[in-house]
Amino acid sequence: MKFQKSHISVCCSNLILVILLLVYIYPALTIAQEQSSFDDQLKILKSKQPKQYATIDSLFKTHTRDSIKMKTLIQACHAINYSEGESYALNALGVIYRNVSFYEQSIKTHKKAKEFADIVDNNELKVVSLNNIGVAYRRMDLVKPALDYHTKALDISRSIENPSETISYNIAVSQNSIGNIYLILEQYDLATKQFQKSLIIEKKSGNRLGMAINYQNIGYAYEATGDLDNAIRNYKLSLEYNDQINSNLGRVICYNSIGQVYIKQKKYPDAKVIIEKALEKALQIGDQFYIASSYINLGWAQEKMESLDTSEQNLKKGLEVAKAYNLNSSIVEANKHLSDLYTKTNEHKLALNHYKEAIEIEKTINNERNLRYVNDVIIQYENEAKNKEIKALANENTIVRSKLERNKKIFWYSMLALALIGGVLVGLYRHRQLQQEKQILTLEQDMLRSQMNPHFIFNSLNSIKLYIINNEKENAVYYLNKFSKLIRKILVASSEKEISLEDELDTMQLYMNIENIRFSNEINFEIKIDENINTASIKVPSLILQPFLENALWHGLSSKKDDKHIVLHVYRKADDFVTITITDNGIGRKEAHKINEDKLLKRKSVGIAITKARLANFSKGYTNDYSITIEDLYNASHQPTGTKVIVEIPTQSSVLRTA
């Protein structure tokens, strides 16, 4: 018996020794091994100083979550003036800050990494830095700077002819992040397209983390549109990839997303179980954004299960974390769920207070996002339009110069082959042809400037902005769509000397839709086409009718109070012509002239003069000439009742036949 007790005692002592070895000595050995590995890799880096991101990453990827080691790496690289290594380490440190919700510190660190990348002109490190800055801004709900940085990263990546794996991966990151910005702006179709583009790149490279992220985001887009089955299918695909790469952060995101769908599907016990798993993982990794989200989702599920006390505790914890780290979206969610909870417990004053707080913050988020976005789009569009005009004019001048050079050569070669008189005749002919081409180019430039009037563009976008400010989303989307179609048609038409009458009428309908916003949609615009007219087969100069409609609007109808009509009628009086009339019921030309004379700032239009010159040039290819007639309309009492413009344009049957 004593022997057995002694034997048991020895066994217990050995077991305790083994446990002590496992608890204390093994981790110490592991840490020592990791430190030794880090030191060895640091020596390799110092000696070789590689330029490629992938090479540096292969040495230190396992250490990038250790802030102490990354700071050590920064100091070591700085000491030997090795900018590539310092930029890499700063980016890794910035990601660590971002994952614990220190966004300002993260942005500052990534910007410093970008400075070192610029010093050595390393495109890979530039793109990585820009994308990281964009992600941090996006996590702070700052849409415009996020979009700017990701777009810069994408521009640099696409400018590289033979992109490396790092560049290809960052193209996917940029597209994914831009998709997330579209999610914030509730443009779910555009977001899904970006995620799918990113997913193609990630599948090709076999990047399971990238696939996990994109499936998660596609699921969110489906959930936002109410397609819960497709949403949960994509969330589960994302979770599979996160399990494969053992990503706790990815699991937290997926668990929360799946839990939210379960709540919407009224599977409350399932939701509670999976959100509790999310909270456990979020607390382990210390990401405050997902800690707040997990507490809020858990409280939401418990509220649905009528566990009101625990629901209140968790929602308040989530709200506390969200406020501590300025997570506005999470603050809104927590307040809304607390409002629902207090409604159930008949604490109506508390419910109202939380609801008001949620609405106020939500308005601030939406207004700031939309106003910043639309204003920046207006400024960006105007700058781009001016730059495009300058480039177009420069290209046209280059073409003219090249034609002049070519014609000089032709002239001199002709002089060698022909007699003096023949050479002079050829030179005169070519000179006249150049003058004609120059005149056409000048007319087309003047026409484009007339149609793309900066005031018209700014006022149209400003009108659309008012719809957004007034939260009239449907009107804003409708007129923004119309405006984009009109701009596209104007740009396409400006590159063509003539278009079909059908396209011209479509463009005029879009133009009137946009202009009508500024008249509070008071103008009744009607297009009449006789049955014997085939508008698709009739060719006219592009954008030829716009000046007449503009005059009808601003001279005829702008000073009239109500009952405003414009009728555009297309018919034939003869086989060789198509006749187009534009009739308005405005104040008439005489009264409009008086009003314009009294104005300090007179509205001067050169559109009609340009139109006549373009019609004259167009008619040179036909046997008949164009005609424009303007009639003043009067009633029986000789009071002005409007203006009628009659434009007769020669058609195909009257084309000149040349041998």
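All residue numbers in this chain count up from 1 along the given sequence.
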Student: Can you tell me if Tyr235 uses its side chain to pair, donor with acceptor, with the backbone of Tyr220 under 3.5 Å?
Tutor: yes

Student: Looking at residues at least two apart in the chain, or sitting in another chain, which of them share a side chain to side chain contact (heavy atoms under 4.5 Å, CB included) with Ile80?
Tutor: Lys46, Gln49, Tyr82

Student: Apply ring pair (Phe, Tyr, Trp, His ring centres under 6.0 Å) to Tyr188 and Tyr222, showing your working.
Tutor: CA-CA 8 Å; Tyr188 300 116; Tyr222 278 123; over 10 Å; no

Student: Quick check against the 3.5 Å criterion: does Ser311 have a side-chain atom that pairs as donor or acceptor with the backbone of Gly299?
Tutor: yes

Student: Please lay out, stage by stage, how Asn207 and Glu202 fare under the test side-chain hydrogen bond (donor to acceptor under 3.5 Å, both in side chains).
Tutor: CA-CA 5 Å; Asn207 180 18; Glu202 303 292 18; 3.0 Å; yes

Student: Tell me whether the count of non-hydrogen atoms from other residues, nucleotides or ligands lying under 6.0 Å of CD in Gln265 goes above 12.
Tutor: yes

Student: Can you label the angle between the Tyr149 ring and the Tyr137 ring as parallel, tilted or perpendicular, going by 30° and 60°?
Tutor: parallel

Student: Drop me the distance from Ser330's OG to Tyr290's OH, to the nearest 0.5 angstrom.
Tutor: 9.5 Å

Student: If you apply the rule salt bridge (charged side-chain N to carboxylate O under 4.0 Å, His left out), what do you find for Lys323 with Glu357, and how did you get there?
Tutor: CA-CA 12 Å; Lys323 285 184 174 180; Glu357 186 177 350; 3.1 Å; yes

Student: Given Asn170 and Ser157, is the side-chain hydrogen bond (donor to acceptor under 3.5 Å, both in side chains) satisfied, shown in steps?
Tutor: CA-CA 8 Å; Asn170 273 277; Ser157 299; over 6 Å; no

Student: With side chains defined as the heavy atoms from C-beta onward, is the minimum distance between Ile218 and Leu199 less than 4.5 Å?
Tutor: yes

Student: Check the pair Gln52, Thr166 against side-chain hydrogen bond (donor to acceptor under 3.5 Å, both in side chains), reporting the backbone distance first and the verdict last.
Tutor: CA-CA 9 Å; Gln52 289 77 24; Thr166 300; over 6 Å; no

Student: For Lys264, look at atom NZ and say whether over 12 heavy atoms of other residues, nucleotides or ligands are found less than 6.0 Å away.
Tutor: yes

Student: Can you measure from CG (Asn132) to OG1 (Thr109) and round to the nearest 0.5 angstrom?
Tutor: 10.5 Å

Student: Quick one: does any side-chain atom of Asn297 pair with a main-chain N or O of Ser293 as donor and acceptor, under 3.5 Å?
Tutor: yes

Student: Rounded at 0.5 Å granularity, tell me how far CZ in Phe289 sits from OH in Tyr325.
Tutor: 14.0 Å

Student: Is there a donor-acceptor contact under 3.5 Å from the side chain of Asp66 to the main chain of Lys69?
Tutor: yes

Student: Looking only at atom types and distance, does a side-chain atom of Ser238 sit under 3.5 Å from a main-chain N or O of Tyr215, one as donor and one as acceptor?
Tutor: no

Student: Would you say the side-chain atoms of Ser159 pair up with the backbone N or O of Ile156, donor to acceptor, closer than 3.5 Å?
Tutor: yes

Student: Apply salt bridge (charged side-chain N to carboxylate O under 4.0 Å, His left out) to the pair Lys111 and Glu115, showing each step before the final yes or no.
Tutor: CA-CA 6 Å; Lys111 285 184 176 179; Glu115 289 174 10; over 6 Å; no

Student: Is it the case that the side chain of Ser257 and the backbone of Ile253 share a donor-acceptor pair, with hydrogens and angles ignored and the cut-off at 3.5 Å?
Tutor: yes

Student: Could you check whether the rings of His337 and Trp300 sit parallel, tilted or perpendicular, using 30° and 60° as the cut-offs?
Tutor: parallel

Student: To the nearest 0.5 Å, what is the distance between CG on Leu308 and CG on Leu315?
Tutor: 10.5 Å

Student: Asn217 side chain to Gly179 main-chain N or O, any donor-acceptor pair under 3.5 Å?
Tutor: no

Student: Heavy-atom distance under 4.5 Å between the side chains of Val95 and Ser106, does that happen here?
Tutor: no

Student: Regarding Asn314 and Gln302, do their side chains bring together a donor and an acceptor under 3.5 Å, going by distance alone?
Tutor: yes

Student: Between Asn256 and Val252 (side chain of the first, backbone of the second, donor and acceptor by atom type, cut-off under 3.5 Å), is there such a pair?
Tutor: yes

Student: If you measure from CG on Leu341 to CG on Asp309, what distance do you get to the nearest 0.5 Å?
Tutor: 8.5 Å

Student: So does Asn230 get a backbone contact from the side chain of Asn234, meaning a donor-acceptor N/O pair under 3.5 Å?
Tutor: yes

